[in-house]
There are 2 protein chains.
Amino acid sequence: MPQPLPELTDHLGYRIRQVSNHVSHAFARKLAARGVTVAEWALLRMLYGQPPLPPSQLATRMGMTRGAITRLADRLIGKGLLLRAPSAADGRAQTLGLTESATAFVPELAGLADRNEAECFAHLSPAERETLRDLLERTVARLGITGVAVE
Amino acid sequence: MPQPLPELTDHLGYRIRQVSNHVSHAFARKLAARGVTVAEWALLRMLYGQPPLPPSQLATRMGMTRGAITRLADRLIGKGLLLRAPSAADGRAQTLGLTESATAFVPELAGLADRNEAECFAHLSPAERETLRDLLERTVARLGITGVAVE
DNA sequence: ATCATATAGTTTCCTAGGAAACTCAACATG
DNA sequence: CATGTTGAGTTTCCTAGGAAACTATATGAT
């Protein structure tokens, strides 16, 4: 006779994961219609309206390894959305910046993000959304979460 | 001059993903010390104290494909935690059930889940945790989220 | 100046999941 | 009872990320 255990659904971590996965997958489907993944979107958004950044900084900010950024950048370059240039100051370093077409594209993708957000949280009142935001942001601060951590 | 866009952090979906990833990775590290992944834990927990289930049902409940369940089950069988048996009623079907050692093991893993939960949300008062739970569960219900969706 | 060490980026190997083709058993229907 | 169809499970191929080894450049110590 096994001892009874708390249900999975008793844990906030489980509930958060359910919602997070659903919201992310819904967004991923919208992005996929434009031929973009969530990680690609995150990188593009990070560089939008910014001066080019070295891959290592992007790795830190996105919570990914440098190796993953190398390959992610390769894909975006292949799609004509990213430019890789050698750093002037450091012979080892590079900079990654958006192409013109990427700069034109990102606002369209941002619209998808807004739409996804609206669809997923339409049932919450503005006050409830602010409460949720506050609880989450305090958790982010308390746990010392920094990057995006795409996956 | 690119047009300004809403910040990533303005989206609840982004904040939820940050917290979810952090909580899941913290849990994954605890489980890894016992040689178990999050997906393996979810499957083990689902079968704990239950009669054996066919892979197809586990796939539905966990939000994974049947192919993924096949491989997940293979790994757990390799670890001596799962038993695969042919279904008596249906020559195509199988049933997956926990071994004795798995039944003894799951409560220990459940303790890790409890500890992770406590660590990640210690800064919220009981009332705040209930508020968060309520907002999340209403979202789960509204979006029609059913499975675990491990990843 | 030389050499050790650290850092930037890449590459290789590994893991894990999804999509879709595939096998085999069950079932319906004529 | 043959036959077409559905359903269960497996397998193959593909994608994407992490860990760690590897290359090349920079930096610091002597």
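Keep in mind the model is a prediction, meaning the values are calculated, not measured. Numbers restart at 1 for each chain; the letters A, B, ... are given by sequence-line order, proteins then strands.
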### Task
Would you work out how much the helix from C:dA1-D:dT30 to C:dG30-D:dC1 bends between its ends, with each end axis defined by five base pairs, to 10 degrees?
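Computed from the C1' atoms at both ends, the axes differ by 0°.
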Minimum-distance pair of heavy atoms, taken over all atoms of B:Glu40 and B:Leu72:
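What the structure gives for the nearest pair is CG-CD1, 3.5 Å.
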Partner set under side-chain hydrogen bond (donor to acceptor under 3.5 Å, both in side chains) for B:Arg92, not counting sequence neighbours:
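Listed in chain order: B:Asp90.
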Worksheet entry | With A:Arg66 via side-chain hydrogen bond (donor to acceptor under 3.5 Å, both in side chains) - residues at least two apart |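 side-chain hydrogen bond (donor to acceptor under 3.5 Å, both in side chains) list for A:Arg66, sorted by chain: empty.
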Using whole Å, report how far [atom1] of [X] lies from [atom2] of [N].
X       : N      : atom1 : atom2 : value
A:Met62 : D:dG18 : CE    : C1'   : 15 Å
A:Leu43 : D:dA16 : CG    : C1'   : 14 Å
A:Ile69 : C:dA8  : CD1   : P     : 14 Å
B:Leu53 : D:dG9  : CG    : P     : 11 Å
B:His25 : C:dA16 : NE2   : P     : 13 Å
A:Arg71 : D:dA20 : CZ    : P     : 14 Å
B:Leu72 : D:dT11 : CG    : C1'   : 16 Å
B:Met64 : C:dA19 : CE    : P     : 12 Å

Handout entry: Side chain B:Tyr48, main chain A:Gln3, donor-acceptor under 3.5 Å
Key =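 Checking the backbone N and O of A:Gln3 against the side chain of B:Tyr48, a donor-acceptor pair under 3.5 Å is found.
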Practice prompt. Measure from the side-chain N and O atoms of A:Asp134 to the backbone N and O of A:Glu130, and report whether any donor-acceptor pair falls under 3.5 Å.
Written response: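 Absent.
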_Other members of the hydrophobic cluster containing B:Phe121, with the 4.5 Å side-chain heavy-atom rule, please._
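A:Leu12, A:Ile16, A:Val19, A:Val23, A:Phe121, A:Leu124, A:Leu132, A:Leu135, A:Leu136, A:Val140, A:Leu143, A:Ile145, B:Leu12, B:Ile16, B:Val19, B:Val23, B:Leu124, B:Leu132, B:Leu135, B:Leu136, B:Val140, B:Leu143, B:Ile145, which link up through side-chain heavy atoms under 4.5 Å apart, make up the rest of the cluster.
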Exercise. Between A:Pro54 and B:Thr37, just flag the one whose closest nucleotide in DNA chain C comes earlier from the 5' side.
Key: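 Result: A:Pro54.
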Q: Describe the nucleic acid contact of B:Thr70 in one word from base, sugar-phosphate, nothing, applying a heavy-atom distance below 4.0 Å.
A: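 Touches a base.
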Using a cut-off of strictly less than 4.0 Å, decide whether [X] has a side-chain nitrogen or oxygen near OP1 or OP2 of [N].
X       : N      : answer
B:Gln57 : D:dA8  : no
B:Arg75 : C:dG17 : yes
B:Ser56 : D:dG7  : no

After noting the C-alpha distance and the side-chain angles of A:Arg17 and B:Val38, does the key distance pass the side-chain contact (heavy atoms from CB on, under 4.5 Å) rule?
CA-CA 12 Å; A:Arg17 195 144 60 96; B:Val38 174; 3.6 Å; yes
Can you tell me which nucleotide in C:dA8, D:dG17, D:dT10 comes closest to the side chain of A:Ala93?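 For A:Ala93, the side-chain atoms sit closest to C:dA8.
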* Of all the choices, D:dG9, D:dT10, D:dG17, which nucleotide is nearest to the side chain of B:Arg84 once you look at every atom? ->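 Selected nucleotide (nearest to the side chain): D:dT10.
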Is there side-chain contact between A:Glu7 and B:Arg45, with at least one heavy-atom pair below 4.5 Å?
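Of all side-chain heavy-atom pairs linking B:Arg45 with A:Glu7, at least one is under 4.5 Å.
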N/O donor-acceptor pairs under 3.5 Å from side chains in residues 104-113 of chain A, not counting sequence neighbours:
| from | atom 1 | to | atom 2 | distance (Å) |
| --- | --- | --- | --- | --- |
| A:Glu108 | OE2 | A:Arg34 | NE | 2.7 |

Nucleotide N/O of nucleotides 21-27 of chain C paired with protein N/O under 3.5 Å:
| from | atom 1 | to | atom 2 | distance (Å) |
| --- | --- | --- | --- | --- |
| C:dA26 | OP1 | B:Gly91 | N | 2.7 |

A:Arg133/B:Asp10 ion pair, N-O < 4.0 Å:
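Salt bridge absent between A:Arg133 and B:Asp10.
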